[in-house]
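Encoded as structure tokens, the structure appears first; notes follow it.
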Protein chains: 2
Amino acid sequence: MAYKTEHITQRLRAAREAQKMSQRELSARSGLTQSHISQIERGTMEPGLGSLVDVARALDLEIVLAPKKLMPAIRNILDSAPASSDVPTSNQRKLVGRLERWFAEHRGAFGSASEADTFKDSLALLRHLPLSAEEMDTFKEATARLDRWLADPPSRQELSRTAHAVRHLRNAAVHRDRDDALPRSAYALDEEDDNA
Amino acid sequence: MAYKTEHITQRLRAAREAQKMSQRELSARSGLTQSHISQIERGTMEPGLGSLVDVARALDLEIVLAPKKLMPAIRNILDSAPASSDVPTSNQRKLVGRLERWFAEHRGAFGSASEADTFKDSLALLRHLPLSAEEMDTFKEATARLDRWLADPPSRQELSRTAHAVRHLRNAAVHRDRDDALPRSAYALDEEDDNA
DNA sequence: GCGAACCATACAGGATAATATATAGCGAAT
DNA sequence: ATTCGCTATATATTATCCTGTATGGTTCGC
């Protein structure tokens, strides 16, 4: 119902999480109710422009109307500034991408729709929030059978275990404090192949 | 009531007018009613986010959520866009200037105050909106006796004819379609003297 | 002056956003 | 196990958007 505005509301959520702000705190700063914010972020309802402005201000964001022609230049600027200092490694993004593609094809393999939704949400977050090297190992291990899954969907139980592990990683990434530095090695070679 | 979103809705109106699009046409393209658009532009009501994206799309605009920090850079890009591509020739500006100076001295020569006001308004617009070469010819012709007028005010009838012609040119310039290109010769020598 | 285009405004009705409040689920920490 | 913080969800009520339609006023072209 709200496809048109999904990208915008997703950006709101991303900004809030990047600032490690809870919905309650955002509620206090913006004047909207926590319930309202939850629904907006989930896409359950489409905010009015007034609400959008309030939330954006509370997140130190500004709403800009830009000619489509100028969007490449603007994207450059937006990308030049790391919203949060850390960013997922290329490996992480690749793995998330593969899982998302797999999910698009095999959504039905999940036990329940809500479990599938949760899985999708977790992936969306793991696309943006970095994992530590150890967590990446866990991530790879949990999805180690992905190649086989491409041909042959996993059992409910196996899938459920994997989903749980992914969700756990999501929580770790989300609740990490801003200033406990990620132990990211200076030697990390980003482009090595992974066969998770 | 809607001061929060005023800048945004005014940008919408500015964009629509810059593209010489009527509210009706925007209504057709965006799916909102003309009535609705009018109220949004006037600030009588605050649009929902859905309406905003519809209108923005119809105007070839994109909604960007940008960190306040980056706004200076973004404004730079936005300002670099030529609002309107064409600009009056030097000849045109000169002629308008002479007419304005003459008008300042002989305002009383007009039949009525409103006719004088209209004339002044037309001149103000012709200072900024470009005329085609043919229209410039008409312009020069209509004011061909300006030199004599400097010493000796024209008759009411003659002045009225001239005022009418100028207003006609003003309307042509204002209502020109955005995509019928001005036939601006590549050889146009801008600085030749004119003795209109 | 007449007709056409454009804009502002009005009003009724159905749709939906937004509030306030409360609760349930989940993960984490004591 | 219990408590705590965060998020999703539910219900009811109010407020507002949005549509459809219609009209008055203004300006311009003929």
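Just so it is clear: chains get the letters A, B, ... in the order the sequence lines come, proteins before strands, and each one is counted from 1.
Remark: the backbone N or O of B:Q34 is not paired with any side-chain donor or acceptor of B:S38 at under 3.5 angstrom.
Taking atom CD of A:E25 as the reference point, atom P of D:dC6 lies 8 Å away to the nearest angstrom. In this entry the distance linking CD of A:E41 with P of D:dT9 reads 12 Å, nearest Å.
Residue contacts for B:S22: at a heavy-atom cut-off of 4.0 Å it reaches the sugar-phosphate backbone alone, with no base atom in range. Contact annotation for B:L32: backbone-only contact, meaning every heavy-atom pair under 4.0 Å involves sugar-phosphate atoms and none involves a base. A:G31 comes within contact range of the sugar-phosphate backbone alone, with a heavy-atom separation under 4.0 Å but no base atom that close.
Within 3.5 Å, a donor on the side chain of A:Q34 pairs with an acceptor on the base of D:dA8, or the reverse. Taking 3.5 Å as the limit, the base of C:dA22 and the side chain of A:S35 contain no donor-acceptor pair of atoms between them.
B:H36 has its side chain within reach of B:S51: a pair of non-hydrogen atoms, C-beta onward, lies under 4.5 Å apart.
Between D:dA8 and A:Q39, no contact under 4.0 Å exists linking OP1 or OP2 to a side-chain N or O. Residue A:R13 places at least one side-chain N or O under 4.0 Å from the OP1 or OP2 atom of D:dA8. The shortest distance between the side-chain N/O atoms of A:R16 and the OP1/OP2 oxygens of D:dT7 is below 4.0 Å. A close approach under 4.0 Å does occur between a side-chain nitrogen or oxygen of A:H36 and OP1 or OP2 of C:dT19. Contact check, B:R42 against C:dT9: a side-chain N or O comes under 4.0 Å of OP1 or OP2.
Both B:R167 and B:S51 lie close to DNA chain D; mapped to their nearest nucleotides by heavy-atom distance, the more 5′-ward contact belongs to B:S51.
With a 6.0 Å radius and a threshold of 12 heavy atoms from other residues, nucleotides or ligands, B:H106 has its NE2 atom above the threshold. Shown here is B:R13, whose CZ atom has more than 12 heavy atoms of other residues, nucleotides or ligands within 6.0 Å.
Among D:dT19, D:dC17, D:dT7, the nucleotide with an atom closest to any side-chain atom of B:M45 is D:dC17.
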